[in-house]
Amino acid sequence: MSRNRHHPDDDDIDAFRQVLREAGVRPIETNRADPGRRRRPDPSAAERRAAATAARDDHGTGRTSDGRVEPVRPSEPLDFALPDLPWRTRSQLKRGRIAWEVGLDLHGYTLEEARRELETFLRDAAAEGRRCVLVVHGKAWGTTSDFPVIKSHVNAWLREWPGVLAFCSAAAIDGGTGAVYVLLRRRG
């Protein structure tokens with residue numbers, strides 16, 4: 001940047017201000033933002049909020065699918081993260097360095113019961129502001145299939161859940177490939 005900057009004289013400044021006035025530009029009354037002031041109530045927003053709440057309370061359909069899933073092997077580690085998750089956070093989750101706060105054990109549940117329990121658990125954990133949770137899905141093979149049914153479905157369900165940032169198989173002390181650490185989105 002040059003040290004010999006042109007400084008406008010009073011005539012230039014007056015001409016500039018005159019052009020602004022003719023264009024209808026008015027000076028602002030204050031140069032400070034007021035973040036504490038509440039917005040005016042929007043009646044359509046209240047209607048949309050009520051419709052969304054009513055849709056969420058419909059227990060007939062969950063947020064997770066109950067269709068076919070990709071089977072995973074009992075010893076196969078699970079690993080998923082959103083693309084914009086920082087590498088360091090993902091690495092800490094994989095090494096078990098992010099302490100899990102609450103856990104859910106899905107042993108003994110039918111597939112539909114496991115889906116409902118998982119959805120309720122994730123919803124409650126998010127409402128309580130939990131950051132990392134543990135889900136124990138087990139590695140047992142289904143009675144009618146040749147792969148771990150609940151583990152395979154948990155793998156699919158967690159990928160669909162909007163509040164899940166990442167999940168990976170747990171450390172051996174927390175269940176190994178029979179459990180996953182789930183990193184949840186913090187509420188803004």
(message) Just verifying a value: how many Å separate F167 CZ and R159 CZ, rounded to the nearest 0.5 Å?
(response) 4.5 Å

(request) Compare every heavy atom of A114 with every heavy atom of L106, then report the nearest pair and how far apart it is. (result) CD2-O, 4.0 Å

(request) Say whether, by atom type as modelled, one donor and one acceptor occur between the side chain of K94 and the main chain of D79 under 3.5 angstrom. (result) no

(message) With heavy-atom distances below 4.5 Å as the criterion, would you say the side chains of K151 and T177 are in contact?
(response) yes

(request) Start with the C-alpha gap between R131 and L165, add the side-chain angles, then the distance that decides, and say whether side chain to side chain contact (heavy atoms under 4.5 Å, CB included) holds. (result) CA-CA 10 Å; R131 178 70 169 151; L165 296 174; 3.5 Å; yes

(request) Flag yes if V102 and V135 sit in one hydrophobic cluster, no otherwise; membership is Ile, Leu, Val, Met, Phe, Trp, Tyr, and two members link when side-chain heavy atoms are under 4.5 Å apart. (result) yes

(message) I'd like to know if V25 and F16 are part of one continuous hydrophobic network [Ile/Leu/Val/Met/Phe/Trp/Tyr, side-chain heavy atoms within less than 4.5 Å].
(response) yes

(request) Please collect all salt bridge (Lys or Arg N to Asp or Glu O under 4.0 Å) contacts where either partner lies in residues 100-109, sequence neighbours excluded, each pair once. (result) E101-R130

(message) Using 0.5 Å steps for rounding, measure from the CG atom of D174 to the CH2 atom of W100.
(response) 6.0 Å

(message) Are the side chains of F80 and L158 in contact, using a 4.5 Å heavy-atom criterion?
(response) no

(request) Determine the sole option in V133, L82, V164, L85 for which the side chain to side chain contact (heavy atoms under 4.5 Å, CB included) test with L183 is passed. (result) L85

(message) Please find the pair of heavy atoms, one from K139 and one from G178, that lie closest to each other, and give the distance.
(response) CG-CA, 3.7 Å

(request) For Y181 and R95, run side chain to side chain contact (heavy atoms under 4.5 Å, CB included): C-alpha distance rounded to whole Å, both residues' side-chain angles, the deciding distance at 0.1 Å, then the answer. (result) CA-CA 10 Å; Y181 299 127; R95 288 182 292 175; over 6 Å; no

(message) Quick check: closest heavy atoms across G138 and H107, and the distance to 0.1 Å?
(response) CA-NE2, 3.5 Å

(message) Rounded to the nearest 0.5 Å, what separates atom NE2 in H153 from atom CG in L111?
(response) 4.5 Å

(request) Determine the minimum heavy-atom distance between S169 and P77, stating which atoms define it. (result) OG-CA, 3.3 Å

(request) Any chance you could measure I98, atom CD1, to Q92, atom CD, to the nearest 0.5 Å? (result) 5.5 Å

(message) Working to the nearest 0.5 angstrom, can you tell me the gap between Y109 OH and L104 CG?
(response) 6.5 Å

(message) Nearest 0.5 angstrom please: R21 CZ to R26 CZ, how far?
(response) 14.0 Å

(message) Under a 3.5 Å distance rule, please check whether S91 uses its side chain to pair with a backbone N or O of W87 as donor and acceptor.
(response) no

(request) Please say whether more than 12 non-hydrogen atoms of neighbouring residues, nucleotides or ligands are located less than 6.0 Å from CG in D10. (result) no

(request) Taking all heavy atoms of P71 and all of F147, pick out the closest pair and write down the distance. (result) CB-CG, 3.4 Å

(request) Give the minimum heavy-atom separation between A125 and L184, together with the two atoms involved. (result) CB-CD1, 3.7 Å

(request) Side-chain contact test, heavy atoms from C-beta onward, threshold under 4.5 Å: evaluate it for L118 versus L122 and give yes or no. (result) yes

(message) Taking the basic N atoms (NZ, or NE/NH1/NH2) and the acidic carboxylate oxygens, is any pair closer than 4.0 Å for R115 and E112?
(response) yes

(request) Apply side chain to side chain contact (heavy atoms under 4.5 Å, CB included) to I150 and V154, showing your working. (result) CA-CA 6 Å; I150 291 186; V154 165; 4.0 Å; yes

(request) Applying side chain to side chain contact (heavy atoms under 4.5 Å, CB included), run through V180 and H137 and close with a yes or a no. (result) CA-CA 8 Å; V180 287; H137 47 68; 3.8 Å; yes

(message) Is it the case that atom CD in E70 sees more than 12 heavy atoms from other parts of the structure closer than 6.0 Å?
(response) no

(message) Suppose we screen for side-chain hydrogen bond (donor to acceptor under 3.5 Å, both in side chains). Which residues come up paired with R17, at least two apart in sequence or across chains?
(response) none

